[in-house]
Structures are given as C-alpha cells and as structure tokens.
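Inspection log for the structure reproduced underneath, given as structure tokens.
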Amino acid sequence: MLKQYLQFKLSQKLSPQQIQLMKLIQLPTQAFEQRIKQELEENPALDTGKETKDEDAYDEFDNSEDDYNDNEEINTEDINIDEYLSDDDVPEYRTQANNYSADDEEKNVPYAAGTSFTQHLRQQLNTFRLSDEEREIAEFLVGSVDESGYIRRSLSDIMDDLAFTQNVFTSEEKIEQVLHKVHQLDPAGVGARNLQECLSIQLHRKEKYPDVELACNIIDKAFDQFTKKHYKKLLQKFDITEAQLRDAIEEIERLNPKPGGSYAGNNKIVEHVVPDFAIKIVDGELELTLNGRNAPELHVSREYSDMMKGYKASKDKSKSQKDAVMFIKQKLDAAKWFIEAIKQRQQTLFVTMSAIMHYQKEYFLTGDERKLKPMILKDIADEIDMDVSTVSRVANSKYVDTPYGTKLIKEFFSESMTNDQGEEVSTREIKKILETVIEEEDKKKPLTDEKLATILKEKGYPIARRTVAKYREQLDIPVARLRKKI
C-alpha cells in the first residue's frame, strides 16, 4: 500500500519543462518578449531570422521522442543527425490561421522622461533669496516631499535629521519659516503637512472673491465639519445661504488634493498596457486575434545545422568532435523544447480566451456589463478541459482590447447569486445596478445601505444590507453621509 502511495506521489510531480511552460503561459506580452530575448542570448542554437530571413532561416527540427535533460548520458553513436536538419524555413506554429494579429511590427514602449519632481522643486528654489542656512533647510524640506506632494514628517524629526545628517543646527521655528517659503513653490499645495493645509495653501493663492473667501474660512476654521458634511452646522456657523455654501464647496472641489500627482515629470514610469488579445465585431460576429508579438519566428541557426552536417559527413569522429556534438545536441533539444513550449503557450492562450469570449458573447456584442454572466475559473477550465490553475494564469495577467476599451481578463469573472425568480445572476450585474441607483439618488438625501437593500429587493435582487455595504465598498463608493450634497 505504501509503495503504491509513493508511486502515486511521484507521478504527480511536474517536470521542469511543465513548470517552465506554466511560467511562459503566465507571462503577459511584454514580459514574454523579454523571456524570448533572454533565451536567444543563452541558447546559440536558437535564431530569430529577422535579419537573415531567406538565407539563414531554418525551421524547428522534426519532433523526436528525446526529452532534453542536462543530466542525461548521451551516446553519440545513437544520435540521428537527420532529425536536426530541415529544409522547411517556415516554423509550423507561424502557419496557424486566424491566431495572430496582422500588426506584427515591433513597438517601443515609452517611458516617462525629463526632470524629476524633486529636481523641479529645487530648480524653483534658485529664484528665492535665501541665506546658506535657509537654502540647506529648504533643500532638505524639498527632499522630504513625497509622491503626493506632502511632507509627512514632524518638524522635530526634520530638525533632528538636519543636525545628524547635514550638520545644520537650527530650531523648529526657523524650519517653519522656511517651510512657508516652500509653500510658495509650484504646484500649489506642495509641501503641505496634511490635507487641510494643502487645500488652504491653494485657496489663499486665489483671488479673493466672496466664494473663495468663504471657502478659505471653511477650510481654516471648520475643516472637521466640512469633511463630515455637517452642512447645517456650516450654515449656522457662517450665517450664509445654501447657495453661498454650494458655491464655496464648488471652489474647494476644484482644488487638487495630491499636488505631486499633477507633475508629469515625476519619477514614476508611465505604464503602457499591451493587450494580449483583440476582440472585434465583424458582420455581427465576434472575431478574436492573439497579439502578433506572441508569435516570434524562431528556428535553428544555420551555423548549428552546418555543425551537424559536418559531423555526419566526417568518417573519423574524434573525441573532441563527439564532445562538440553532445553539446550541440543539448542546445538543439533545448531549442526544440522552447519552440514547442511557445506553440503550446499560443494554443493555450487562444483556446482559453476564445472560451471566455463565447461564454460572455452577449457582453462582448453589447458592452453592457449587466449582460456579464456569472463565470468562475472552473467554468472555463471544464469547457476547454484544462486545469483551473492554467485558466487563472491566463486571466490574472492578460489584457484584451475590446470595442469598449482594454480590459483585464479576470474582470469578466464573477460569482453568482439567485434572484427572486430563481435565476442565477452575476454579482457584477448587481453591482452595476447598485452603482446606477446611487448615481440617480437625490444627493441632498443620499440612500442608506438599508434603503439600497430595499430598492434592490424590489428590483428582484434579495440581498442583505451588509452585502450591499460590501459591494458599495468594493465599488469605492462612500457611505450615504459622505455622498450628501447641499
């Protein structure tokens, strides 16, 4: 019994090739291109053929039953040289119809360039007349500004750091004086220590119209009541009308709570998503293509093929020749496996996305999120007879270009619940309806979670108040009190 158990455990162990294939499937297009580049650098038996397409391009060799294994003893007398020589210069996986986008040209992904946010602020300091001590403090303060544009540290901590790291001995009062000068830098609000100060700095820079002055007073003298939307208290405190309060709030809403995020030249790399698939509607039918950059043209290099031919033609095979052919075989087997893995990756991606597309056909034809059917990973795994983990690898890291924008594939998956007619509906559909109800509510009297649950129940979706609260939080919608408008 124990022997059988051990045999079963061993049979479940994945081979190194299977693990590598799983890793390849998980890679999105850009990372996949980098992986191919790495393999080309590490394995001289692989060639891309872009520069010498007609002369040097050789197809992958015929399938052999030999699996590549670094530890395997190779008998050079048993090697079938003909297996590694092929006259066909078009790799088989490039002939798969309708799998690849016609857009096969290389595209460079742009990155953010130019001056960093900190450098931008330091350059502005040059326009101020500052003493040596003030300049050192100002530069240290600018260096303490985070990506959002705030200085989150206390003045006492900054004073200690100036002393220990810059050998500048000063007082908190002096640092605060210099900080007020930093507050004059652009973008407005930079260097603030909290949201209240950030908004106040921006308002005090504006021309003093009545609504701006009222906005300044609200932020400076009643910030807590403003954030909690206690509008009645604000009306009483400042003895103003609802129209005046509304105008002041509109001024505040125009301000930037994260001034650092508005600077285009900050240190963040601009992310550009490269869709792995594209779905188009052609004559009322869905058409799926796999990004052409997922179908590289790889084959065996001419040089390695010639080495094999030379060994085959040689009558007296020396030890050095035998050693060389063993090395070549290892590289050719690795190249053969890599090309086959790419082919399997392409087929897996295409089959998986095709199943998802057909499962959610109504959504892809209309773009209406309420048409998204309940769908879990197992639904697709069962459809294509693959493991759930494989579908997960495709869904979690790949994007699809649709007529309604570029979407992360995992967004199409959602759990289900039963409506009052006993039909299974997607939780995503319920969230969309919840979002619509909140958008259409009277903002002077926003709907509580209890009331939202009642409305959804009337629409045929019997869900509890706590579930409504969970969905609302997942949609990043605040509670009723914070949605209130004057």
Side-chain angles (χ1 to χ4, degrees), residues 12-40 43 46 48 59-60 63 67-68 90-104 273-280 286-299 333-361 364 375-402 406-413:
Q12 296 298 305
K13 189 177 178 182
L14 289 173
S15 70
Q17 285 87 353
Q18 287 173 308
I19 293 168
Q20 287 298 317
L21 176 59
M22 290 299 101
K23 288 180 178 178
L24 281 178
I25 288 170
Q26 190 161 349
L27 294 176
T29 298
Q30 284 176 256
F32 176 61
E33 288 182 309
Q34 289 300 313
R35 177 68 182 85
I36 289 169
K37 185 179 178 184
Q38 178 189 343
E39 192 71 20
L40 284 166
N43 190 349
L46 265 181
T48 133
D59 178 24
E60 81 236 47
N63 280 340
D67 285 323
Y68 172 65
V90 180
E92 180 190 343
Y93 62 83
R94 294 288 297 187
T95 64
Q96 306 288 324
N98 299 323
N99 282 17
Y100 314 114
S101 164
D103 183 17
D104 279 10
V273 171
V274 175
D276 305 271
F277 307 91
I279 292 177
K280 293 179 182 177
L286 297 173
E287 185 179 278
L288 174 67
T289 54
L290 178 64
N291 190 320
R293 291 158 71 173
N294 288 285
E297 190 169 330
L298 299 178
H299 48 254
D333 283 343
K336 179 183 70 171
W337 173 82
F338 191 70
I339 289 170
E340 180 61 28
I342 288 176
K343 179 180 174 181
Q344 287 185 44
R345 176 183 183 273
Q346 290 160 0
Q347 290 173 342
T348 302
L349 295 189
F350 193 78
V351 166
T352 305
M353 189 63 226
S354 183
I356 293 169
M357 181 182 75
H358 287 103
Y359 202 98
Q360 301 290 6
K361 185 175 180 179
F364 286 115
M375 179 176 74
I376 58 174
L377 295 171
K378 191 174 184 301
D379 292 330
I380 300 302
D382 290 346
E383 184 81 21
I384 60 178
D385 197 24
M386 286 188 186
D387 196 79
V388 169
S389 63
T390 304
V391 177
S392 175
R393 284 182 172 89
V394 176
N396 286 331
S397 58
K398 308 290 186 299
Y399 287 83
V400 57
D401 182 27
T402 75
T406 299
K407 311 282 187 182
L408 183 61
I409 293 167
K410 73 175 180 181
E411 291 178 5
F412 303 129
F413 289 84

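Small disclaimer: the values here were computed from a predicted structure and weren't measured.
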Answer whether the closest heavy-atom distance between the side chains of [X] and [Y] falls below 4.5 Å.
X: Ile279; Y: Met353; value: yes
X: Leu286; Y: Lys361; value: yes
X: Ile380; Y: Phe412; value: no
X: Val391; Y: Ile384; value: yes

What is the distance from atom [atom1] of [X] to atom [atom2] of [Y], rounded to the nearest 0.5 Å?
X: Glu340; Y: Leu21; atom1: CD; atom2: CG; answer: 9.5 Å
X: Ile339; Y: Glu39; atom1: CD1; atom2: CD; answer: 10.0 Å
X: Phe277; Y: Thr352; atom1: CZ; atom2: OG1; answer: 7.0 Å
X: Asp382; Y: Asp379; atom1: CG; atom2: CG; answer: 7.0 Å
X: Met357; Y: Phe350; atom1: CE; atom2: CZ; answer: 7.0 Å
X: Arg393; Y: Leu377; atom1: CZ; atom2: CG; answer: 11.5 Å

Minimum heavy-atom distance between [X] and [Y], given as atom pair plus value:
X: Phe364; Y: Ile356; answer: CE1-O, 4.1 Å
X: Asn43; Y: Ala334; answer: ND2-CB, 3.7 Å
X: Leu349; Y: Ile25; answer: CD2-O, 4.0 Å
X: Ser397; Y: Pro28; answer: O-CB, 3.4 Å

Backbone N or O of [Y] within a donor-acceptor pair of the [X] side chain at under 3.5 Å?
X: Lys398; Y: Gln26; answer: yes
X: Asp276; Y: Tyr399; answer: yes
X: Asn396; Y: Ser392; answer: yes
X: Arg345; Y: Leu27; answer: yes

One thing to verify: whether Lys37 and Glu33 come together as a salt bridge, which I'm taking to mean a side-chain N less than 4.0 angstrom from a carboxylate O.
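Salt bridge absent between Glu33 and Lys37.
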
Residues, nucleotides or ligands: over 12 heavy atoms within 6.0 Å of Lys407 NZ
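Counting other residues, nucleotides and ligands, NZ of Lys407 exceeds 12 neighbours.
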
